[in-house]
Amino acid sequence: MVNVAPRHVWTPQPNLMVAFVGLEGDVQSLSEDLEIEVQSKLNRAASILTTTSTSSSSTTTRHLSPRALASITSHLLYQRRGGYYVEPLVVGLDSKTQAPFLCALDMIGAQSLSKSFVCSGAASQSLYGTAEAFWKSDLEGEELVEVCGKAFQSALERDCFSGYGILVYLLTKRGIVEYDLIHRND
């Protein structure tokens, strides 16, 4: 994610996050609508679990899968059919398999899934080209951060309208690590 203030990243769980790129007002509206929709879904699931549970001492924590969050986001965007000028990225680790999930969505909710990388925003065309050049499968965490940093830096030098600074989020089994990489700010 290219670093522009304020940062629009929502982490509903330690293994799941949504990054928003687009118009400020629409980003705020979609983010709030998404949080409400997710809480509603989790509350409905919790109420079903408590009414069907025979033991009152059992407490089940509901987790949202990355695929479910991408579907909810897609439905919200499609309901407005281009009303939100936002292109979100949904990324996460599957809680059972720890497999990465990468999904870019356009303004009407069409999903683009990938096993390697996804791009969104003003510099997305430059990012796709540089990401393809730097990407290798089975990169370790630090290598992945370095590759992302190089791809972002190359794309930012080609597209001056896309912001400044580089912020990389690394999802691990233990949680999310944030890297604020040094880049020119002129």
### Task
Decide whether Arg44 and Ser40 meet the rule of one side-chain donor and one side-chain acceptor closer than 3.5 Å.
yes
### Query
So, Glu24 versus His8: side-chain donor-acceptor pair below 3.5 Å or not?
yes
Which value, rounded to the nearest 0.5 Å, describes the distance between [X] atom [atom1] and [Y] atom [atom2]?
X: Ser95; Y: Asn15; atom1: OG; atom2: CG; result: 6.5 Å
X: Cys119; Y: Tyr128; atom1: SG; atom2: OH; result: 5.0 Å
X: Lys136; Y: Glu143; atom1: NZ; atom2: CD; result: 6.5 Å

Less than 4.5 Å apart, any side-chain heavy atom of [X] and any of [Y]?
X: Leu105; Y: Ser112; value: no
X: Phe117; Y: Val147; value: no
X: Val38; Y: Leu64; value: yes
X: Leu113; Y: Arg67; value: yes
X: Ile72; Y: Leu34; value: yes
X: Val177; Y: Tyr169; value: no
X: Val91; Y: Pro66; value: no

### Query
Taking only residues two or more places apart in sequence or in another chain, which ones pass salt bridge (charged side-chain N to carboxylate O under 4.0 Å, His left out) with Glu146?
Lys150
### Message
Assigning hydrophobic clusters by single linkage (Ile, Leu, Val, Met, Phe, Trp, Tyr; side-chain heavy-atom cutoff under 4.5 Å), is Trp135 placed with Leu127?
### Response
yes
### Query
Shared ILVMFWY cluster between Ile36 and Phe20, side chains joined below 4.5 angstrom?
no
### Message
Show, in sequence, the C-alpha distance, side-chain angles and deciding distance for Lys115 and Phe101, and conclude whether the side chain to side chain contact (heavy atoms under 4.5 Å, CB included) test is met.
### Response
CA-CA 7 Å; Lys115 294 193 184 293; Phe101 178 83; over 6 Å; no
Counting N and O atoms only, with roles assigned by atom type, does the side chain of [X] sit under 3.5 Å from a partner on the main chain of [Y], one being a donor and the other an acceptor?
X: Ser120; Y: Glu87; result: yes
X: Asp94; Y: Ala99; result: no
X: Thr11; Y: Gln13; result: no

### Message
The test is side chain to side chain donor-acceptor pair (under 3.5 Å); show your working for Asp26 and Ser29 and say whether it passes.
### Response
CA-CA 5 Å; Asp26 290 344; Ser29 296; 5.3 Å; no
### Message
Other residues, nucleotides and ligands only: do more than 12 of their heavy atoms fall within 6.0 Å of CD on Gln98?
### Response
yes
### Query
Just checking, Arg80 and Tyr78: is the charged tip under 6.0 Å from the six-membered ring centre and within 45° of the axis?
no
### Task
Evaluate the side chain to side chain contact (heavy atoms under 4.5 Å, CB included) criterion for residues Leu77 and Met107: first the C-alpha distance (whole Å), next the side-chain angles of each, then the deciding distance (0.1 Å), finally the verdict.
CA-CA 6 Å; Leu77 287 167; Met107 290 187 294; 5.8 Å; no
### Candidate pair Val168 and Phe152, rule side chain to side chain contact (heavy atoms under 4.5 Å, CB included), full reasoning
CA-CA 9 Å; Val168 177; Phe152 283 137; 4.0 Å; yes
### Query
Can you check side chain to side chain contact (heavy atoms under 4.5 Å, CB included) on Val18 and Leu69, steps first, answer last?
CA-CA 9 Å; Val18 182; Leu69 183 58; 3.3 Å; yes
